Each structure stands twice: as structure tokens, then as C-alpha cells.
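Worksheet: one structure, shown below.
One is the number of the first residue; the rest follow in order along the sequence. What you see is a predicted model, and the numbers here were worked out from it, not measured in a lab. Order of listing sets the numbers, starting from 1, for every ligand and every atom in it.
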Amino acid sequence: MHEVPDFADSADNRPVDATVIERLRQVEGASVSTDTSFAELTTLRLGGVPAAVVRCATTEAVVAVVRLLDDENVPALIVGGGSNLVVADRPGPLVAVVIEADAVQMSTRGHGLESTSAIIEAEAGAVWDEIVQMSVDAGFGGLECLSGIPGSAGATPVQNVGAYGAEVSQVLDAVQLYDRATGEVEWVSPDSLELSYRYSNLKFTSRAVVLAVRFELSIDGMSVPLRYGELARRLGVDEAEAAAGEIRRPSDQVREVVLALRRGKGMVLDPEDRDTWSAGSFFTNPIIDEAQVEDVRSRVAERRGAEEAASMPVFPAGAGHPGRVKLSAAWLIERAGFPKGYPGQGAPARLSTKHTLALTNRGEAADGTPTTADDLVALARDVRAGVAAAFGVTLEPEPVWVGVSIDA
Ligand SMILES: Cc1cc2nc3c(=O)[nH]c(=O)nc-3n(C[C@H](O)[C@H](O)[C@H](O)COP(=O)(O)OP(=O)(O)OC[C@H]3O[C@@H](n4cnc5c(N)ncnc54)[C@H](O)[C@@H]3O)c2cc1C
């Protein structure tokens with residue numbers, strides 16, 4: 001068994017040996033840069049320069065590079081589209097391994113008229129939304145609600161990406177992993193990943209690298225059942241009917257509506273729109289014991305009045321969380337006194353003007369100083385502390401933090 005070095009260890013600032021960088025340069029399919037910053041690799045456009053950035057054009061190169069770094073005890077961070085990463089201004093001497101292998105294959109299960117489902121297999125570096133588009137164009141159903149999510153295919157099982165009432169776990173068939181402890185490459189079943197709300201046992205652990213993913217989709221061109229009120233409404237479906245049943249719509253129509261809804265919230269990347277210089281939803285919706293709900297509600301009532309308290313959204317937390325419920329992080333943030341755009345014009349990091357739950361990099365402060373990761377971290381701490389003080393609920397960040405922590 002091999003111990004996987006943790007990139008959090010990089011704070012000890014051991015420099016990466018120059019001979020290791022030289023050996024990385026020798027790996028076929030790998031290209032190495034020592035002056036690329038995380039600001040260039042992440043959608044938040046923040047974070048300093050690591051010891052090296054290694055771009056891997058093939059999955060074989062990914063395995064060879066990660067194996068070499070693990071053997072040398074150099075902290076390695078796997079990077080896809082950088083859309084779920086908060087990286088420190090001084091990330092320390094870790095090596096970023098960017099997966100660029102992006103081959104995609106489509107096939108069907110069964111034969112001809114007997115086909116029962118469609119299969120899409122993608123290497124980890126494939127752009128997620130291009131796969132969704134491809135599946136919809138081919139007349140397959142299952143991925144449409146996950147339209148417009150930035151990043152790579154390989155990252156989708158890592159936090160079981162989800163949106164608009166759907167999660168990737170609903171259609172995930174198998175995942176090819178490079179296990180960093182055993183050195184084995186194998187296809188595993190989604191069951192072994194403990195997928196749940198924005199979680200898998202790959203997230204925060206660095207235990208394995210996803211090399212490829214396989215999805216099983218429907219061939220009738222229809223979406224997964226619509227479970228999200230706003231989406232159902234925009235598709236002309238009665239919300240109550242959608243919540244209760246198995247209402248499906250053509251996947252291309254669902255994709256168009258999802259993209260429109262996401263654009264309205266600044267949740268589709270657009271270099272011109274600073275509201276999208278983010279990591280998406282910054283905090284997960286808090287899951288609390290059912291017994292705690294009345295305490296939170298009474299704190300809301302104290303602060304905002306009984307009517308508002310009665311309208312507090314409370315959802316079932318889902319199968320893996322018996323006796324627990326999910327609250328809306330965005331709702332709590334706004335009620336705690338953090339409106340969209342907080343803390344206002346001139347601040348280098350702000351809440352999105354379109355969506356309370358996105359923390360955004362505005363590029364610079366009023367005096368022209370470029371925004372830093374520290375600015376964003378300060379905003380995250382401010383919001384988290386405000387919600388905890390107001391309602392006794394501790395928000396958990398959704399992105400992966402590198403070289404920096406939300407705890408002061
Ligand atoms: C505007 C915006 C909107 C978003 N909307 C959503 C949304 O609706 N739903 C949602 O769930 N997420 C959303 N996100 C978050 C993000 O897009 C997803 O989590 C996405 O899957 C991250 O993919 P990535 O390739 O960018 O991962 P990265 O940010 O590069 O990496 C994230 C984490 O996954 C690990 N990782 C990445 N690739 C691999 C791999 N191949 N093997 C092992 N580990 C890997 C990294 O080491 C890191 O720990 C949004 C982000 C933004 C910026």
C-alpha cells in the first residue's frame with residue numbers, strides 16, 4: 001500500500017526537487033509549466049503559482065504523472081475545469097495535474113430495435129456541458145437537467161453534481177479510477193463511491209483519480225422526471241403534479257429552459273459577466289436534525305417576524321439522512337442581512353448580484369488593487385459567521401479549498 005500525500009501538507013513549503021520536475025517533463029503526453037497560476041486554471045480566477053502545472057493529454061500520462069508524484073511524496077492536486085476550487089494566493093509547492101484527455105464514445109446497449117439504453121463513455125477531461133449537448137442532440141435523455149454546469153466529466157462523480165432536481169448518480173453506470181494507494185486502474189460501480197448530496201468518498205480525500213466515466217441514458221429522448229418546481233412551471237407543467245409523479249419532457253426542451261434559468265442566475269460561465277467569476281453555489285444547503293427546525297424558525301421570527309419564519313423553506317434531506325431536513329442556504333444568507341451584491345460597489349469580492357449563494361471575484365477593488373483569494377476568503381468567513389450568529393446554523397462550503405481554510 002502506498003500513502004497518498006495530502007496537498008494540505010504543502011503548507012510546510014518543502015520545495016519540489018528540480019529532478020522531479022525534469023522527470024515529469026519526460027512523461028509522454030505531459031507538458032509542464034512552472035509559471036502558470038491557479039488564477040489561470042480556476043473559474044474564480046484566483047490563486048497563486050504552484051511548483052508546477054502538468055497538463056496531461058492522455059489518461060496514461062495522468063497515471064504516470066500521479067504515480068511519479070506519489071512515489072516522490074509531492075502533493076498532487078487533480079484539476080479539471082477548476083470550477084469548484086478555492087486556492088490560496090500562496091498555494092505552496094504542490095503540483096497541479098490538469099486532465100486534458102477528452103475522448104467521448106456513444107453506443108447503445110442491446111441491438112438495433114432491441115436497444116434498451118444509450119451509453120456515453122467519456123475520458124475525465126471532456127468538457128461536461130459538451131457531453132450534455134451531445135447526448136441531447138443524439139436524442140438521449142438523462143443529463144438535460146445538468147446542462148450548463150462548468151467543468152469536466154471526470155469531476156461529476158466527485159461531488160455527485162446536481163441541479164434542478166437531478167443528480168449525476170441517477171444515470172452514472174461506472175467510473176474508471178486510478179487508485180492512488182494500490183496503483184490499480186479499475187472500473188468501479190457507483191455504489192462503491194457513497195454518492196449523496198454534493199458528496200462522494202472521492203471528495204476531499206484525493207484517494208483516487210477519475211480517468212473516465214460511463215453514463216446509461218434513455219433512448220426515448222425524454223428527460224428524467226421533473227422534480228424542481230421552477231423548471232416544471234417554465235415547461236408548463238403543474239408543480240404539484242411534477243412533485244408527485246413521473247412527468248418527463250423532451251430532453252432538448254428541458255436543456256433550453258435549464259440554460260435560460262441558469263443564465264438568469266449567473267450560473268453559466270461568461271467571461272464578460274463578473275457574476276460568473278465564481279465557484280457556483282458557495283455553500284451547501286445545510287442539513288439539520290428535524291428537532292432543530294423550530295429553534296431556527298424562532299430565531300428567524302425574532303429577527304424577521306412570524307410571517308417570514310412561517311415561509312422558511314424546509315425540504316426532506318433524502319434517503320441517506322433519516323430524521324433530518326435540508327434548509328436553503330441562500331434564503332438564510334439573505335435573511336441574515338447579506339443581500340445580493342453584498343458588501344456593495346467597490347468591494348473586490350462580492351456576493352453575485354444575481355444569486356446570493358455565489359461568491360464572486362469582481363477583478364479589483366475600488367482603488368484598482370487586484371482581487372486576491374484572501375479577499376474572497378474574508379467574504380466567505382463574514383457570511384458564514386453572520387448566518388451562524390443570526391440563526392445558529394453553520395454553513396459548509398461546497399468547493400474544495402487548497403492551501404487555505406474557511407476557519408480563521
Ligand atoms: C458558474 C458555476 C455554476 C456551477 N453550478 C453547479 C451546479 O449547478 N451543480 C453542481 O453540482 N456544481 C456546480 N458548480 C460547481 C462545479 O462546476 C462542479 O463541481 C464541477 O463538477 C467541477 O468540475 P471541475 O472539472 O471544474 O473540477 P475542479 O474544480 O477542477 O476540481 C474540483 C475537485 O474535484 C477534484 N477532481 C477534479 N477532477 C477529478 C478527477 N478526474 N479525478 C479525481 N478528482 C478530481 C479536484 O481535485 C478537486 O478536489 C458550478 C460552478 C460554477 C463556477
Side-chain angles (χ1 to χ4, degrees), residues 4 6-8 38 41-47 53 56 59 62-63 66 75-87 94-102 122-129 131-132 145-169 175-180 193 195 197-213 228 258-259 261-263 265-271 273-285 352 354-355 357-361 397-402:
V4 177
D6 183 351
F7 53 79
F38 275 103
L41 299 177
T42 60
T43 54
L44 268 168
R45 300 171 186 237
L46 295 171
V53 172
C56 298
T59 56
V62 174
V63 171
V66 175
L77 174 69
I78 311 303
V79 178
S83 61
N84 216 24
L85 285 173
V86 177
V87 186
L94 61 93
V95 171
V97 181
V98 183
I99 305 186
E100 294 187 336
D102 62 357
E123 288 182 331
V127 174
W128 173 248
D129 196 49
I131 294 177
V132 180
C145 288
L146 307 175
S147 293
I149 298 179
S152 62
T156 56
V158 173
Q159 75 152 2
N160 184 23
V161 297
Y164 294 96
E167 285 181 345
V168 88
S169 57
V175 177
Q176 190 186 38
L177 294 181
Y178 168 62
D179 185 315
R180 293 172 67 181
L193 303 180
L195 298 159
Y197 168 62
R198 297 300 177 275
Y199 176 79
S200 79
N201 59 24
L202 300 170
K203 194 172 177 182
F204 304 125
T205 65
S206 312
R207 73 171 181 89
V209 182
V210 176
L211 298 177
V213 281
Y228 194 85
V258 166
L259 286 173
L261 285 169
R262 292 185 69 96
R263 283 198 191 95
K265 294 177 184 163
M267 283 289 160
V268 177
L269 293 183
D270 173 356
D273 181 356
R274 300 279 162 107
D275 278 331
T276 74
W277 292 21
S278 79
S281 297
F282 200 85
F283 296 103
T284 50
N285 288 323
S352 160
K354 302 185 184 76
H355 188 31
L357 205 46
L359 272 62
T360 62
N361 166 8
E398 185 187 296
V400 171
W401 292 55
V402 179

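With rounding to the nearest 0.5 angstrom, the CG atom of Asp129 is 8.5 Å from the CD1 atom of Ile149. Interatomic distance, Leu269 CG to Ser83 OG, rounded to the nearest 0.5 Å: 7.0 Å. The CG atom of Leu41 sits 12.0 Å away from the CG atom of Leu46 when rounded to the nearest 0.5 Å. A distance of 8.5 Å separates OG of Ser278 from NE2 of His355, quoted to the nearest 0.5 Å.
Considering backbone and side-chain N/O of Ala124, none are found under 3.5 Å from N/O of ligand 1. For the pair Ser278 and ligand 1, the shortest N or O to N or O distance does not fall below 3.5 Å. Polar contact with ligand 1: present for Val210 (N/O pair, distance under 3.5 Å). Residue Val158 has no nitrogen or oxygen atom sitting less than 3.5 Å from a nitrogen or oxygen atom of ligand 1, judged on distance alone. Note: no N/O pair closer than 3.5 Å links Thr43 and ligand 1 by distance alone. The distance criterion of under 3.5 Å between nitrogen or oxygen atoms is met by Gly82 with respect to ligand 1. The shortest N or O to N or O distance between Thr276 and ligand 1 is not under 3.5 Å. Considering backbone and side-chain N/O of Gly81, one or more are found under 3.5 Å from N/O of ligand 1. Between Asn160 and ligand 1, no pair of N/O atoms sits closer than 3.5 Å.
Only the side chain of Gln159 comes within 4.0 Å of ligand 1, judged by heavy-atom distances. At a heavy-atom distance under 4.0 Å, no atom of Ser206 approaches ligand 1. With a 4.0 Å cut-off on non-hydrogen atoms, Lys203 does not touch ligand 1 at all.
Against a heavy-atom cut-off of under 4.0 Å, Ala208 is close to the following atoms of ligand 1: 43 (C). Interface atoms of ligand 1 facing Ile99, defined by a heavy-atom separation under 4.0 Å, are 41 (N). Taking every non-hydrogen atom of Val209 and a distance limit under 4.0 Å, the qualifying atoms of ligand 1 come out as 42 (N), 43 (C). The contact set between ligand 1 and Leu77, taken as ligand atoms under 4.0 Å from a residue heavy atom, comprises 47 (O). Heavy-atom proximity to Gly151, at under 4.0 Å, picks out these atoms of ligand 1: 23 (O), 24 (P), 25 (O), 26 (O). Shown in contact with Val79 at under 4.0 Å from a heavy atom are these atoms of ligand 1, numbered in order with element: 30 (O). Numbered from 1 in the order shown, with element, the atoms of ligand 1 that lie under 4.0 Å from a heavy atom of Gly280 read 2 (C), 3 (C), 4 (C), 50 (C), 51 (C), 52 (C), 53 (C). Those atoms of ligand 1 with a heavy atom of Arg198 less than 4.0 angstrom away are 11 (O).
Contact of the Val210 side chain with the Tyr178 side chain is not registered, since no non-hydrogen atoms from C-beta on lie closer than 4.5 Å. Two residues are said to be in side-chain contact when any heavy atoms from C-beta on lie closer than 4.5 Å; Val213 and Pro157 meet this criterion. Using a 4.5 Å heavy-atom threshold, the side chains of Tyr197 and Asn160 count as separate. Looking at Val66 and Val63, their side chains never come closer than 4.5 Å, going by heavy atoms from C-beta outward. Residues Arg207 and Asn201 form a side-chain contact, since some pair of their non-hydrogen atoms from C-beta on lies under 4.5 Å apart. Using a 4.5 Å heavy-atom threshold, the side chains of Asp273 and Lys354 count as touching.
Put simply, no part of Gly125 is less than 4.0 Å from ligand 1, judged by heavy atoms. Distances from ligand 1 to the non-hydrogen atoms of Ile149 include at least one value under 4.0 Å. The shortest heavy-atom distance from Arg262 to ligand 1 is under 4.0 Å.
The salt bridge (charged side-chain N to carboxylate O under 4.0 Å, His left out) search around Glu398 returns Arg198, not counting sequence neighbours.
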Steps toward side-chain contact (heavy atoms from CB on, under 4.5 Å) verdict (Phe38, Val79): CA-CA 10 Å; Phe38 275 103; Val79 178; 4.2 Å; yes

Does the pair Leu85 and Val402 meet the rule for a side-chain contact (heavy atoms from CB on, under 4.5 Å), with working shown? CA-CA 7 Å; Leu85 285 173; Val402 179; 4.1 Å; yes

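With hydrogens and angles disregarded, no donor-acceptor distance shorter than 3.5 Å links the side chain of Trp128 to the backbone of Ser147.
Remark: among candidates Gly162, Ala358, Ala163, the nearest residue to atom 9 (N) of ligand 1 is Gly162, based on non-hydrogen atoms. Ranked by closest heavy atom to atom 39 (C) of ligand 1, the top entry among Thr156, Val66, Ile78 is Ile78.
One finds no salt bridge joining Asp275 and Lys265 here, because no Lys/Arg side-chain nitrogen approaches an Asp/Glu carboxylate oxygen to under 4.0 Å.
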